[in-house]
Amino acid sequence: MSAAEENAGILPGIDSQPLAPEITAMLAARPPFVVAFALSLLASACSESTVSPSATSATSAAPAVSAASSCEAADLVLHNTTIYTSNEAQWTAEAAAVLDGRIVFVGSNADAQRYLCGSAEILDMAGRYVYAGFTDSHQHLEGVGRRTKTLSLFGIPTLQQTVARIEEWAATIPEGDWIQGRGWIEREWTDEQRFLNKGDVDRFTASKPLYMPRADGVSALVNSKAMELAGVTGDTPDPEGGRFERDIDGNLTGYVLANAMNVFTAILPPETDEYLKDNLLRGLQSNAALGWTQTQDAGMSYRQVDLMKQLHAEGLMAHRVYAAIPVEEAAEMLSRGREKTDDDLFDVRGIKVFIDGTLGSRGAALIDNYSDADHNGFMNRTTKEDLVPVLHAALRQGIQIETHVIGDRAVRTLLDWYAEARDAVPRSEWASEDLRWRMEHAQIIPPSDQQRFVDLGVLPSMQPSHGIGDLNFAPDRLGPDRLGYAYPWQQLVDRGLMILGGSDAPVEVGDPRIEFYAAVARKRLDGTDGEGWHPELAVSRETALKMFTIWPAYGAFQEAIRGSVEVGKYADFTVFDRDIMTVAAADILTAENVMTIVGGKITYRR
């Protein structure tokens with residue numbers, strides 16, 4: 001990385017952490033013809049200087065109150081704006097007042113006058129629009145921070161340039177050390193759209209092992225040196241739930257999928273707690289700058305959990321985090337149980353399970369073969385034998401289950417396993433009837449299985465940006481018939497299901513504007529779409545707002561304390577400089593987050 005790349009962009013108002021360039025690189029991971037447009041989207045979220053509060057909203061001392069008037073106590077008052085509350089009973093308001101981190105008033109400017117007094121910080125939000133705090137219901141916080149410090153291959157338009165960038169980076173790595181990076185994605189290349197292989201990199205990495213996950217994080221490129229160190233040869237069998245890709249002659253290509261990645265991650269050099277803690281902190285800061293007031297971490301290790309507790313104790317939580325532990329650590333989760341801070345900034349309640357791969361890598365488990373391959377993907381990244389005891393224990397201890405499923409075969413199989421577990425454990429032994437088990441991604445759901453979500457009370461956790469990215473190649477993978485129930489957002493809403501909206505960052509950019517736009521427009525970032533994109537499966541803006549506010553709160557058992565602007569709930573707000581509920585769809589993408597408020601505290605302000 002050049003000195004210019006390293007030093008460009010400072011996250012305003014949050015310890016001057018260098019973040020903007022890497023976020024911009026992520027945003028550039030779009031089709032080449034929109035790269036120029038996409039590179040500008042996040043520049044506003046991480047500007048190079050902090051704008052004074054008076055430039056974004058008038059902050060004033062409370063006016064004097066006459067002896068006859070009554071002054072209601074408040075710490076913070078937002079007024080003279082439109083507040084979208086995500087509360088069906090009061091969808092909009094003009095003002096809100098906060099005391100001790102909780103909302104004490106939601107209503108009109110006139111009725112808010114009694115709070116414009118005393119020691120309250122008063123924010124005149126004219127020209128700004130306030131929303132119930134946005135939640136990313138599927139993210140990987142440590143990875144969001146990590147991408148600010150490692151080789152990023154996002155947004156590179158050709159295979160040739162990607163390999164050249166890897167070669168440039170490899171030259172900076174000492175002999176014998178690992179070459180690492182992430183983010184390559186062949187579907188965006190304009191010269192060759194194929195997976196990277198060891199032949200692309202072996203000539204300049206003979207003495208240095210290489211490990212570079214694809215953008216999806218569920219497959220990776222390794223070189224010959226890495227396979228030598230891992231003991232992987234042509235005779236090595238594919239592991240359950242994974243595959244060592246081979247060419248037509250049966251030779252290893254260096255492209256590995258899912259559980260086949262494990263033998264390489266097991267021999268990567270260890271990382272210090274300080275390194276991981278800094279990644280988590282950077283992730284928190286980056287997210288707050290974009291407007292997220294909570295992220296739900298889909299697979300946070302206990303090592304990271306303990307580091308998060310340190311950040312919380314040090315007062316460095318820029319937003320709330322709700323976490324699920326990887327299934328590999330399920331035994332410890334079942335022993336430790338739920339862990340939560342008193343202020344609800346950090347809550348560990350679930351177990352994350354992985355079943356199949358991704359559609360782009362042809363690893364998603366389909367009922368029928370891929371339309372462009374002679375196989376139907378793979379299952380069993382977690383086997384039924386390993387998972388069933390975890391499901392039974394989760395029922396007895398009130399632990400939430402979140403399962404990665406993408407293909408229709410994976411979806412159907414997990415619905416079966418969920419149902420079998422429910423039937424196997426007597427209701428009298430359940431810790432609660434209110435399970436709220438989730439399926440993460442759930443991209444291809446036949447109509448009959450959509451109804452089973454309803455019947456079993458399973459919550460779909462979906463990422464709209466996956467839809468507008470994958471639909472560039474999904475017609476080739478799935479064919480026209482299956483496209484009719486791929487990324488079927490509106491079909492699920494029509495059945496009364498709450499979709500938990502997320503981003504899957506760092507697989508995707510992790511920007512609430514992109515996710516909201518993708519949900520309501522179902523188009524590429526430049527406003528175009530393609531045959532088979534099914535625009536009728538996009539959702540309304542009211543639904544999209546719920547997908548990123550009150551519905552994720554429900555998905556975390558937190559709808560009584562957050563997720564909407566209501567008296568008694570935590571004062572979590574996202575503030576944009578335009579009304580994303582009414583502007584043209586394209587203008588959603590250039591809205592700027594001007595303030596993030598968590599528990600009544602301003603954690604980011606432009």
Side-chain angles (χ1 to χ4, degrees), residues 1 5-29 42 45-46 134-155 180-183 212-213 215-217 265 268-326 345-346 348 352 502-512 593 596 598 603-604:
M1 180 179 297
E5 287 174 310
E6 290 176 349
N7 295 324
I10 299 296
L11 182 63
I14 311 181
D15 298 334
S16 297
Q17 294 288 347
L19 291 171
E22 301 296 341
I23 298 173
T24 301
M26 270 295 299
L27 186 54
L42 285 179
C46 296
F134 273 50
T135 292
D136 185 338
S137 70
H138 186 111
Q139 197 191 87
H140 306 279
L141 182 63
E142 189 272 334
V144 170
R146 179 186 294 260
R147 76 181 178 201
T148 69
K149 300 190 296 188
T150 57
L151 173 63
S152 173
L153 298 172
F154 289 97
Q180 296 188 65
R182 180 172 176 167
M212 289 197 175
D216 60 11
T265 58
L268 291 174
E271 296 166 335
T272 66
D273 284 351
E274 291 74 16
Y275 177 80
L276 293 175
K277 183 177 178 181
D278 183 61
N279 292 347
L280 292 166
L281 177 60
R282 285 169 174 257
L284 289 165
Q285 294 168 344
S286 176
N287 288 331
L290 291 169
W292 297 117
T293 62
Q294 184 189 67
T295 61
Q296 298 180 1
D297 201 280
M300 178 176 282
S301 70
Y302 267 115
R303 186 181 182 191
Q304 293 178 28
V305 165
D306 292 338
L307 294 172
M308 286 294 299
K309 290 180 180 179
Q310 292 180 23
L311 291 171
H312 179 268
E314 294 163 12
L316 296 175
M317 295 282 290
H319 62 75
R320 303 182 192 278
V321 175
Y322 178 83
I325 302 300
L345 280 172
F346 190 44
V348 183
K352 171 67 181 301
S503 75
D504 202 13
V507 173
E508 298 284 352
V509 179
D511 187 326
N593 176 53
T596 305
V598 179
T603 62
Y604 172 81

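The CE atom of M212 lies 12.5 Å from the CZ atom of R182; values are rounded to the nearest 0.5 Å. For the atom pair NE2 of H312 and CG of L284, the computed distance is 11.5 Å after rounding to the nearest 0.5 Å. The NZ atom of K309 sits 14.5 Å away from atom CG of L345, with the distance rounded to the nearest 0.5 Å. Rounding to the nearest 0.5 Å places CZ of R320 at 15.5 Å from CH2 of W292. Annotation: the span from R282 atom CZ to L141 atom CG amounts to 13.0 Å, rounded to 0.5 Å. In this structure, CG in L307 is found 14.0 Å from OH in Y302, a value given to the nearest 0.5 Å.
For the residue pair P213 and G181, the shortest heavy atom distance occurs at CD-O, 3.1 Å. The shortest heavy-atom contact between V598 and H319 is CG2-CA, 4.1 Å. The two residues V144 and T148 have their closest heavy-atom pair at O-CG2, 3.8 Å. Across all non-hydrogen atoms, the minimal contact from A323 to F346 is CB-CE1, 4.4 Å. In terms of heavy atoms, G510 sits closest to S503 at CA-OG, 3.4 Å. When all heavy atoms of P512 and L290 are compared, the closest pair comes out as CG-O, 3.2 Å.
Between the side chain of N593 and the main chain of A289, a donor-acceptor pair closer than 3.5 Å is present. At least one donor-acceptor pair under 3.5 Å links the side chain of T293 to the backbone N or O of F134. Looking only at distances, a side-chain donor or acceptor of T596 sits under 3.5 Å from a matching main-chain atom of A288. Side-chain atoms of N287 come within 3.5 Å of backbone N or O of G283 as a donor-acceptor pair.
Counting only N and O atoms by type, the side chains of Q304 and D297 include no donor and acceptor under 3.5 Å apart.
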* Verdict with reasoning, M300 to K352, per side chain to side chain contact (heavy atoms under 4.5 Å, CB included) -> CA-CA 9 Å; M300 178 176 282; K352 171 67 181 301; over 6 Å; no
* Could you go step by step and tell me if E271 and R303 meet the salt bridge (charged side-chain N to carboxylate O under 4.0 Å, His left out) rule? -> CA-CA 11 Å; E271 296 166 335; R303 186 181 182 191; 5.5 Å; no
* To do: Please assess D273 against Q310 for the test side chain to side chain contact (heavy atoms under 4.5 Å, CB included), listing each intermediate value before the final yes or no.
  => CA-CA 11 Å; D273 284 351; Q310 292 180 23; 5.7 Å; no
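Using a 4.5 Å cut-off on side-chain heavy atoms (C-beta onward), R147 and F154 make no contact.
H140 is linked by a ring-ring contact (aromatic ring centres under 6.0 Å, His included) to H138, counting only residues two or more places apart in sequence or in another chain. With sequence neighbours left out, the side chain to side chain donor-acceptor pair (under 3.5 Å) criterion links E314 to K277.
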